[in-house]
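Below is one structure, written out as structure tokens; the observations come after it.
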Amino acid sequence: MKMSEWRAERNRLALARLNRALPKIFPAPALIHALARSFTPAMPRRAIDSYWRLHPIRADRLARALAARSGTPDGWTWRLGAEQGLAATFRAPPAPYREVAFSRGPGHCCVCGQPVYRFGWHVDLWDAGPNRNAAWHTACVAAWKFWNAPSDQVRLLKRMQVRRCAQTGGRLWKTAEVDHRVPLFRVWREHRDRSWPELLGFWGLPNLQVINREAHVEKCAAEAGTRKRGVTPPLLTAGSPPAAPG
Ligand SMILES: [Zn+2]
């Protein structure tokens, strides 16, 4: 059997399975996406995973919009440390709803704080209320990965910049790198007191750019200079911990 025949047969079976498992109501963008894949996902859940995995920018935007809806929990401040839910370094985005004191419990997303519905979707299309077995939106998982490893999406980001270096305007080379316009050490040092949803913007698309390696090296050297001249960014000791409610 030729590869193309094998794939057609596989997709025919996968589509039959998907159709059997598909509920009456299913998010249209995820279904359109699933049917356009070269390998049809056989389960509704997989169709949604695949949709968000291939649309990290959309996921980033949505996760930040959902976070804005939740807002900063009362009494929360951005802290680093070894406690559950805290990041060990300022390189990771703050996630208040992962902290025990602020968690909203089953059926709520630990990334954005909003209710999670069937299939990890963010809208209750089914009118069935939050899915109490779920702890995150599929979109927020994709956003979380993107925030923590934006370099994985360098090709996508290059395309969005029409392959021009954001620093020099010249053509982007193969070795171009993803950079945070405002470096994360400065976010921690200078912007720590911003609202939490605003902070997330520093990990999302608004603060990302692809620049050529040489420009990146220069930028990092300049940043290291300011870093040395300024106060060393306090790490684990900064800020007094907020009083845990309850
Ligand atoms: Zn979420």
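Residue numbers start at 1 and run along the sequence shown. Here the structure is a predicted model, which means the values were calculated and not measured. First listed ligand is number 1; within each ligand, the first listed atom is number 1.
Defined by atom type and a distance below 3.5 Å, a donor-acceptor pair is present between the side-chain atoms of D179 and H216.
Scanning for side-chain hydrogen bond (donor to acceptor under 3.5 Å, both in side chains) contacts around S195 gives E198, with sequence neighbours left out. Not counting sequence neighbours, the partners of R213 by the salt bridge (charged side-chain N to carboxylate O under 4.0 Å, His left out) test are E177.
Here the Zn ion (ligand 1) has protein N, O or S atoms under 2.8 Å from it, and they come to 4.
Annotation: cation-pi pair R10/F39 absent, no NZ/CZ under 6.0 Å from the ring centroid and within 45° of its normal.
Both L18 and I48 sit in one connected hydrophobic cluster of ILVMFWY residues. Membership requires side-chain heavy atoms under 4.5 Å apart, directly or through other members.
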Mind listing the side-chain donor-acceptor pairs of residues 145-155 below 3.5 Å, one per line with the distance, residues two or more places apart or on another chain?
| from | atom 1 | to | atom 2 | distance (Å) |
| --- | --- | --- | --- | --- |
| W147 | NE1 | D60 | OD1 | 2.9 |
| N148 | ND2 | W144 | O | 2.9 |

